[in-house]
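Report on the structure given below.
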Amino acid sequence: MSEETANNSFAVSQPARLRVTNICGSVTILPGVDGEIKVAAVKRNDSGNADRTRVEIGQDADGRVMIKTHYDHDYGLEWLAGSRPCKVDYSVHVPEGCSIEARTVSATVN
């Protein structure tokens, strides 16, 4: 199984804020420590089109941590050939009281 992993850690102030957007895979939110959000991402390259599936993890100027799965497509007939995004599994440790916004297409949130 071919995978790509990314691990990031962000210093956050209270109230901590997180926004996660995932297409396919899972999002698991776990308790963490005060002042920090830790993100682990695993892109499962053999589950879809790895070249067109991108993981973006960062922090906005206002302190919000942003996690997003992107799928770049050309709006042609590639979907007829079965082209689809890879599964991406996120594990995120957040401090108590963190505001969480999660949006998914075909992913679980735990």
Side-chain angles (χ1 to χ4, degrees):
M1 180 184 295
S2 174
E3 300 177 342
E4 290 178 46
T5 61
N7 293 288
N8 299 82
S9 182
F10 300 93
V12 293
S13 59
Q14 292 298 334
R17 296 180 301 141
L18 170 70
R19 178 180 291 162
V20 181
T21 305
N22 196 5
I23 301 169
C24 183
S26 66
V27 177
T28 302
I29 307 294
L30 301 161
V33 298
D34 284 342
E36 180 179 54
I37 293 179
K38 285 184 165 185
V39 181
V42 178
K43 182 171 104 174
R44 314 247 179 237
N45 289 330
D46 59 352
S47 66
N49 189 323
D51 292 335
R52 293 182 184 238
T53 305
R54 294 182 296 114
V55 172
E56 178 183 0
I57 302 170
Q59 191 169 24
D60 286 345
D62 67 0
R64 178 190 344 242
V65 174
M66 306 288 289
I67 304 168
K68 187 169 185 174
T69 304
H70 297 274
Y71 183 61
D72 303 321
H73 47 83
D74 63 11
Y75 297 101
L77 297 177
E78 70 183 36
W79 60 273
L80 287 173
S83 182
R84 64 184 186 282
C86 292
K87 290 181 181 178
V88 180
D89 297 322
Y90 295 107
S91 178
V92 187
H93 289 81
V94 300
E96 185 176 344
C98 183
S99 170
I100 301 168
E101 179 184 342
R103 297 177 185 210
T104 65
V105 176
S106 181
T108 60
V109 178
N110 299 310

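All heavy atoms count here, side chains included; hydrogens, waters and symmetry mates do not.
For the atom pair CG of Leu18 and CD of Glu101, the computed distance is 9.0 Å after rounding to the nearest 0.5 Å. The CG atom of Asp89 sits 3.5 Å away from the OG atom of Ser26 when rounded to the nearest 0.5 Å. Note that CG of Asn8 is 4.5 Å distant from CD1 of Ile57, once rounded to the nearest 0.5 Å. The distance from the CZ atom of Arg19 to the NZ atom of Lys68 is 9.0 Å, given to the nearest 0.5 Å.
For the residue pair Asn45 and Glu4, a side-chain donor N or O sits within less than 3.5 Å of a side-chain acceptor on the partner. Between the side chains of Asn22 and Thr104, no donor N or O sits under 3.5 Å from an acceptor N or O.
Taking 4.5 Å as the limit, every side-chain heavy atom of Ser9 sits out of range of all side-chain heavy atoms of Ile37. Between Glu36 and Pro95, the closest side-chain pair of non-hydrogen atoms is not below 4.5 Å. Residues Met66 and Gln59 form no side-chain contact, since every pair of their non-hydrogen atoms from C-beta on lies 4.5 Å or further apart. Between Tyr90 and Val88, the closest side-chain pair of non-hydrogen atoms falls below 4.5 Å. Inter-residue side-chain proximity for Val94 and Ile29 is flagged as met; some heavy-atom pair is nearer than 4.5 Å. A 4.5 Å side-chain heavy-atom check between Cys24 and Val105 finds every atom pair outside the cut-off. Using a 4.5 Å cut-off on side-chain heavy atoms (C-beta onward), Asn49 and Cys86 make no contact. Counting heavy atoms from C-beta on, the side chains of Val65 and Val12 come closer than 4.5 Å.
Put simply, Val33 and Val92 are part of two different groups of oily side chains (I, L, V, M, F, W, Y) that touch within less than 4.5 Å, one to the next. Hydrophobic clustering (side-chain heavy atoms under 4.5 Å, transitive across Ile, Leu, Val, Met, Phe, Trp, Tyr) keeps Ile23 apart from Val20. Residues Val39 and Leu30 do not share a hydrophobic cluster, defined by chaining ILVMFWY side chains whose heavy atoms lie under 4.5 Å apart. Linking ILVMFWY side-chain heavy atoms closer than 4.5 Å, directly or via other members, places Phe10 and Val55 in a single hydrophobic cluster.
Electrostatic pairing of Asp62 and Arg17 counts as a salt bridge here, judged by a charged N lying under 4.0 Å from a carboxylate O. Between Arg54 and Glu56, none of the side-chain N atoms (NZ, or NE/NH1/NH2) sits under 4.0 Å from a carboxylate O, so this pair counts as no salt bridge.
Between the side chain of Ser47 and the backbone N or O of Lys87, at least one donor-acceptor pair lies under 3.5 Å.
Other residues, nucleotides and ligands place more than 12 heavy atoms under 6.0 Å from the NZ atom of Lys43.
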message: The test is side chain to side chain contact (heavy atoms under 4.5 Å, CB included); show your working for Thr53 and Thr69 and say whether it passes.
response: CA-CA 7 Å; Thr53 305; Thr69 304; 4.0 Å; yes
